[in-house]
Amino acid sequence: KGIEVLFEAIPKMKNRNFKVILAGKLYDYSIEQIEQMITNIKNNIIFKPGFLSNEEFLDLIDIADYIILPYRNIFDGASGPLTEAVWARKPIIASNGKALGEIAKNNKIGYIFESENSDDLAQIMDYAIENKFKWNNTAEEFRKRISITNFIKSYNDIYE
């Protein structure tokens, strides 16, 4: 969905004091392909391929400073990781493409970069490291709107 953009951005960053956790089931690439792509940036990557239990997934969300969503322009929607990030009050670094960019911008839930632009992603990641995002009232209101209670209520309203 855009992991290559992230891999291209990392060597362009000025700040080298960070780790990116790449974890979960692989869909678009094999383990060998990912390992080949990260050869030159291994010092900054923790690679944990394979199925993650709910507990493992939530633990990784918990230790993260940011959730990076480098989706390409072809992706048009919200994402599970976005929802999990917001629920855990973790800011995102997201591409500005279509719905994802609008959600991030309108709800002030993190930093946005130009989709498919590794130079811009590198700059935003450097900025994010130096300027810790502060959770805000707009982000918190969005978090409340996506709660399970509100989700169920909105479906009930539709069917009534």
Side-chain angles (χ1 to χ4, degrees), residues 1-10 18-29 31 34 38 44-118 120-129 131-160:
K1 294 178 188 174
I3 197 86
E4 316 84 7
V5 178
L6 175 62
F7 294 160
E8 291 170 13
I10 290 171
F18 66 92
K19 294 286 185 193
V20 171
I21 301 171
L22 176 62
K25 186 175 178 185
L26 301 175
Y27 293 98
D28 298 329
Y29 298 102
I31 291 173
I34 296 287
I38 65 173
N44 296 103
I45 301 285
I46 298 169
F47 184 37
K48 296 177 58 98
F51 176 80
L52 297 173
S53 70
N54 287 341
E55 184 176 297
E56 290 170 316
F57 178 72
L58 294 175
D59 285 347
L60 290 174
I61 294 277
D62 189 48
I63 65 171
D65 292 323
Y66 294 93
I67 306 302
I68 304 172
L69 306 171
Y71 296 134
R72 294 191 173 276
N73 285 326
I74 59 171
F75 180 79
D76 187 16
S79 72
L82 175 137
T83 303
E84 293 295 339
V86 170
W87 195 245
R89 292 184 179 95
K90 297 292 180 167
I92 63 169
I93 297 174
S95 60
N96 66 352
K98 302 184 182 178
L100 181 66
E102 288 299 311
I103 291 168
K105 179 181 171 187
N106 293 340
N107 296 291
K108 299 178 182 171
I109 55 175
Y111 299 119
I112 303 167
F113 70 95
E114 183 183 341
S115 183
E116 302 188 36
N117 184 332
S118 61
D120 196 38
L121 176 55
Q123 288 178 350
I124 293 298
M125 289 172 62
D126 276 329
Y127 181 84
I129 291 169
N131 300 276
K132 182 69 175 149
F133 183 85
K134 291 180 176 62
W135 200 252
N136 58 72
N137 290 338
T138 305
E140 188 60 24
E141 285 302 314
F142 179 63
R143 183 179 181 273
K144 289 175 186 174
R145 285 195 315 273
I146 64 168
S147 72
I148 292 172
T149 303
N150 282 339
F151 180 80
I152 292 169
K153 182 186 178 309
S154 68
Y155 268 81
N156 284 337
D157 290 348
I158 290 170
Y159 288 109
E160 287 178 2

Ion pair check, K105 and E102, cut-off under 4.0 Å: no
query: Salt-bridged, R89 to E140, with N to O below 4.0 Å?
result: yes
[X] versus [Y], closest heavy-atom pair with distance:
| X | Y | value |
| --- | --- | --- |
| K144 | N150 | O-ND2, 2.6 Å |
| K108 | N136 | O-ND2, 2.9 Å |
| V5 | F113 | CG1-CE1, 4.4 Å |
| Y29 | L26 | O-CB, 3.2 Å |

[X] side chain vs [Y] backbone, donor-acceptor pair below 3.5 Å:
| X | Y | answer |
| --- | --- | --- |
| D120 | E114 | yes |
| K48 | L22 | no |
| S95 | Y71 | yes |
| N44 | I10 | no |
| E56 | S53 | yes |

Pairing residues for K25 by the salt bridge (charged side-chain N to carboxylate O under 4.0 Å, His left out) criterion, not counting sequence neighbours: none
- request: List in chain and number order the residues that pass salt bridge (charged side-chain N to carboxylate O under 4.0 Å, His left out) with E116, two or more places apart in sequence or in another chain; answer none if no residue qualifies.
  value: R72
message: Using ring centroids (six-membered ring only for Trp), state whether F133 and Y111 fall under 6.0 Å.
response: yes
- request: Go through the steps for S118 and F7 under the test side chain to side chain contact (heavy atoms under 4.5 Å, CB included), then give the verdict.
  value: CA-CA 8 Å; S118 61; F7 294 160; over 6 Å; no
field: From CD1 (I93) to CG (L121), nearest 0.5 Å
entry: 7.0 Å
- request: Calculate, to the nearest 0.5 Å, the distance between atoms CG and CG belonging to L82 and L100 respectively.
  value: 6.0 Å
side-chain hydrogen bond (donor to acceptor under 3.5 Å, both in side chains), paired with K153, selected from T149, D157, N156: D157
- request: Please examine the side chains of L58 and E84, heavy atoms only from C-beta on, and report whether any two atoms are closer than 4.5 Å.
  value: yes
message: Applying side-chain hydrogen bond (donor to acceptor under 3.5 Å, both in side chains) to R145 and N107, what does each step give before you reach the verdict?
response: CA-CA 11 Å; R145 285 195 315 273; N107 296 291; 2.6 Å; yes
